[in-house]
2 protein chains.
Amino acid sequence: MSQAHERPTLEAVARLAGVSRATVSRVVNGSPKVAEPIRSAVRRAVEELGYIPNAAARSLVTQRTDSIALVLPESASRVFSDDPFFPSIIHGVSQELDAADKQLVLMMTNTVAGYERVERYTTARHVDGVLFASTHGVDPLPGQLARLGVPVVVTGRPLGRSAVPYVDVDHVGGVRAAVRHLLETGHSRIATIAGPQDMVAGIDRLAGYRAELRGSDRRSIVAVGDFTRESGATAMRQLLEDDPLLDAVFVASDLMAHGAITTLRELGRRIPEDVAVVGFDDFDISRYTDPPLTTVRQPILELGRELARQLLRVIAGEEVPPAVVLPTELVVRASA
Amino acid sequence: MSQAHERPTLEAVARLAGVSRATVSRVVNGSPKVAEPIRSAVRRAVEELGYIPNAAARSLVTQRTDSIALVLPESASRVFSDDPFFPSIIHGVSQELDAADKQLVLMMTNTVAGYERVERYTTARHVDGVLFASTHGVDPLPGQLARLGVPVVVTGRPLGRSAVPYVDVDHVGGVRAAVRHLLETGHSRIATIAGPQDMVAGIDRLAGYRAELRGSDRRSIVAVGDFTRESGATAMRQLLEDDPLLDAVFVASDLMAHGAITTLRELGRRIPEDVAVVGFDDFDISRYTDPPLTTVRQPILELGRELARQLLRVIAGEEVPPAVVLPTELVVRASA
DNA sequence: TCTCTCCCTGAAAGCGCTCTCACGTGCGGC
DNA sequence: GCCGCACGTGAGAGCGCTTTCAGGGAGAGA
């Protein structure tokens, strides 16, 4: 039962194998400069005692922990809501970390106390580096950690200046393609349901919409949501009040687009005949909705992977570009 | 930039404050036996230098890491599929750990290499304890870790004998209530779509179905799925081939129930008039399906919380019951 | 046969912290 | 006025590991 305290140390292995601690350490860490007979003797001793190196002792001297923190500045309920964004990020990150034999430490929090914990935990060198996903507004923590010498990479172009490398997708390009598509298919009153304006994704997608319309003579019609299904439904209702004759809407997230479609249906609008709808995300379910959703695909899984890859590079001391922007792509289906 | 190496140690703080390392340590750890003037002098020095204790050094002597591993023996894609089971578990666990100021280390893997990593990581004392969710078949790892003195708690009654404490829900009780409901509402040919038979949840729910039918003169009609929507659809088709006259089906998971409903619809069966359907889980969406799903509610979030609570107790050296079984409850809606 | 290398191996220093133990000071009680 | 007792503080050991440095032995060249 409580053999807990009898866990063998390097010392014990060394004694059993009749060598020094240094030699055991070398064998365990795969140093090439140990003669074969000794190496196998040590291996046998390790096996026999079931020796596993103590992580804390090792980190203390190597200054590495082989773990990476992924900080999601959201409540756990939000992270695991029906929005697959975070799960995909986690998935992508964990793929890369697995390959690099690193551990993932998940930190979800949207409270001040939680944030302080994140700060303590990461600067206490519990982890070799920190990843931030989806930061709202101007978050000082990433920059602060970076200044303390902690490797940091974030998703989403940071608001405000920041020396922290980031990975993002081409929001503006994707949105412009979407709006252009609506223009080219003959729509004249193109509204948008924007995302929250304290998040880069929200800001940039609205900017893309405005930029593309500016080239035409159409005016912009805007409502703002918070990326949830419900907010999409509400915003759609509002848009129709503002302009009952609108004939297309670009919605800044698929989830909001689903909400918008519900509202349009309720109000008797046909899609796409009366109102064309384009989303942004390309979630799996968008393929199966009725009608299948035309949307801008952003490679979220890849975003997570790239995020992890960049951090691993920073940790390895390699030079990394200040920004990596992944392409987005318009996927035309039946809704527009 | 690379102030990384200039990070202050206890020693530095002690020097600045003009006291010994021991005293600084006491202040940092909130020991009551330090005189006020000295305490504040130390506090000031800590503040001034931005001192944060090194986690590895601390763990090395305290033997604690204040982190907990949650092992999900599934691929990340499965964990973050549309089945909200794992997300809810994670959510519940993280609620409790947050409250206890512990960190969550997520380990998802279904590969042998990944499993070895889990073993190394946890026995290297990277974490103070380990939580296992949803173990398939007979998994030796939990017991093995427990034997090494690592605190372990699992979800789901382990198959085979095991000295590891577990938390589970009352599968059998819930299923019996469901089947009883079908009997009482006059159904005579009650089939079931069971879950995978290498998982306790699958086994127990099938056992509950059989146990309840045994008391009646109805025969059992069984198909097996793997808890996914698709497998539910397929299994339903098979059941209808086996017995075209069946008038009710108990499905061992909501997701499979949704699949089964799709199939029933496709084949022109009305629900519940022709075939009554009862699920198991009570996922959020089951309230909104057409018709709303009658199902057995299992408290998954609470399962996660209880899991974490038990582990924290084990870590604290408290006695814990070998098993905690949370109640399930039949929720009657329109589908049966 | 002797010396010079080149490998291997071991001794020992420390990584940064906690915690036991011993010691000094100031106080009250007799 | 002296002793004893708290109470606070510091010295130092040690957690388990890596890594430098020096030394011993074997082999090669002279």
Side-chain angles (χ1 to χ4, degrees), chain A residues 4-43 45-46 49-66 120-121 123-128 148-149, chain B residues 4-43 45-46 49-66 120-121 123-128 148-149:
Chain A
H5 293 189
E6 308 165 21
R7 298 208 43 237
T9 69
L10 249 204
E11 179 70 44
V13 177
R15 225 162 22 221
L16 179 60
V19 298
S20 72
R21 288 188 345 250
T23 298
V24 177
S25 175
R26 278 189 273 259
V27 172
V28 168
N29 292 293
S31 157
K33 33 169 76 178
V34 176
E36 190 43 59
I38 296 210
R39 177 188 305 275
S40 54
V42 171
R43 287 253 174 73
V46 165
L49 295 176
Y51 169 74
I52 306 233
N54 177 303
R58 178 176 276 178
S59 303
L60 184 56
V61 32
T62 60
Q63 308 276 33
R64 287 182 302 99
T65 63
D66 291 331
R120 258 186 297 124
Y121 192 83
T123 73
R125 289 282 190 276
H126 248 115
V127 290
D128 296 342
L148 284 170
Chain B
H5 293 187
E6 309 165 21
R7 297 203 49 233
T9 69
L10 249 204
E11 179 70 42
V13 177
R15 222 158 28 215
L16 180 60
V19 298
S20 72
R21 278 170 18 230
T23 298
V24 177
S25 175
R26 279 188 273 260
V27 172
V28 169
N29 293 292
S31 155
K33 34 169 75 177
V34 176
E36 192 42 60
I38 296 212
R39 176 186 307 274
S40 54
V42 171
R43 287 252 174 74
V46 166
L49 295 176
Y51 170 73
I52 304 233
N54 177 302
R58 179 176 274 177
S59 306
L60 184 55
V61 32
T62 60
Q63 308 274 35
R64 288 181 302 99
T65 63
D66 292 330
R120 260 186 297 125
Y121 192 83
T123 74
R125 290 281 189 277
H126 250 115
V127 291
D128 295 342
L148 284 170

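Lettering of chains follows the sequences in order, A, B, ..., and the numbering in each one begins at 1.
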Let me know the distance between CG of B/Asn29 and C1' of C/dG16, rounded to the nearest Å. 13 Å

Sorted by chain and residue number, the side chain to side chain donor-acceptor pair (under 3.5 Å) partners of B/Arg43 (sequence neighbours excluded) come out as none

Contacting residues from residues 30-38 of chain B, given that a heavy atom lies under 4.0 angstrom of DNA chain D: B/Lys33, B/Val34, B/Ala35, B/Ile38

Listed by chain and number, what are the side chain to side chain donor-acceptor pair (under 3.5 Å) partners of A/Thr65, not counting sequence neighbours? A/Asp128

Do A/Asp66 and A/Arg58 come within less than 4.5 Å of each other through their side chains, counting heavy atoms only? no

DNA chain D: first to last nucleotide in contact with chain A (atom under 4.0 angstrom from a heavy atom), 5' to 3', is D/dG16 to D/dT20

Can you name the nearest heavy-atom pair linking A/Val46 to A/Val28, along with the distance? CG2-CG2, 4.5 Å

Just to verify, what does B/Ser25 make a side chain to side chain donor-acceptor pair (under 3.5 Å) with, not counting sequence neighbours? B/Asn29

Quick one, A/Ile52 and A/Arg7 - any side-chain contact, counting heavy atoms below 4.5 Å? yes

Scan B/Thr9 against the nucleic acid and name what it touches under 4.0 Å (heavy atoms): base, sugar-phosphate only, or nothing. sugar-phosphate

Identify the two heavy atoms, one from A/Tyr51 and one from A/Thr9, that lie closest to each other, and give their separation to 0.1 Å. CE1-C, 3.6 Å

Expressed as a whole number of angstroms, how long is the span from B/Arg7:CZ to C/dG16:C1'? 11 Å

Where do A/Ser40 and A/Pro37 come nearest, in terms of heavy atoms and distance? OG-O, 3.0 Å

For B/Arg39, all residues meeting salt bridge (Lys or Arg N to Asp or Glu O under 4.0 Å), sequence neighbours excluded: B/Glu36

Compare every heavy atom of B/Pro53 with every heavy atom of A/Ala124, then report the nearest pair and how far apart it is. CB-O, 3.5 Å

Rounded to the nearest 0.5 Å, what separates atom OG1 in B/Thr123 from atom CG in B/Leu148? 6.5 Å

Terminal axes of the helix from C/dT1-D/dA30 to C/dC30-D/dG1 (five pairs each): angle between them, nearest 10 degrees: 50°

Between atom CZ of A/Arg125 and atom CG of A/Leu60, what is the distance when rounded to the nearest 0.5 Å? 13.0 Å

Rounded distance (Å) that lies between atom P of C/dC7 and atom CZ of A/Arg26: 15 Å

Partner residues of B/Arg26 under the side chain to side chain donor-acceptor pair (under 3.5 Å) criterion, sequence neighbours left out: none

What residues from residues 10-22 of chain A pass a heavy-atom cutoff of under 4.0 Å to DNA chain D? A/Leu10, A/Arg21, A/Ala22

Sub-4.0 Å heavy-atom contacts from residues 50-61 of chain B onto DNA chain D, ordered by number: B/Leu60, B/Val61

Do any side-chain atoms of residues 14-22 of chain A form donor-acceptor pairs under 3.5 angstrom with protein atoms, and if so which ones, sequence neighbours left out?
{"residue": "A/Ser20", "atom": "OG", "partner": "A/Ala22", "partner atom": "N", "Å": "3.4"}
{"residue": "A/Ser20", "atom": "OG", "partner": "A/Thr23", "partner atom": "N", "Å": "3.3"}
{"residue": "A/Ser20", "atom": "OG", "partner": "A/Thr23", "partner atom": "OG1", "Å": "3.3"}

Listed by chain and number, what are the ring pair (Phe, Tyr, Trp, His ring centres under 6.0 Å) partners of A/Tyr121, not counting sequence neighbours? A/His126

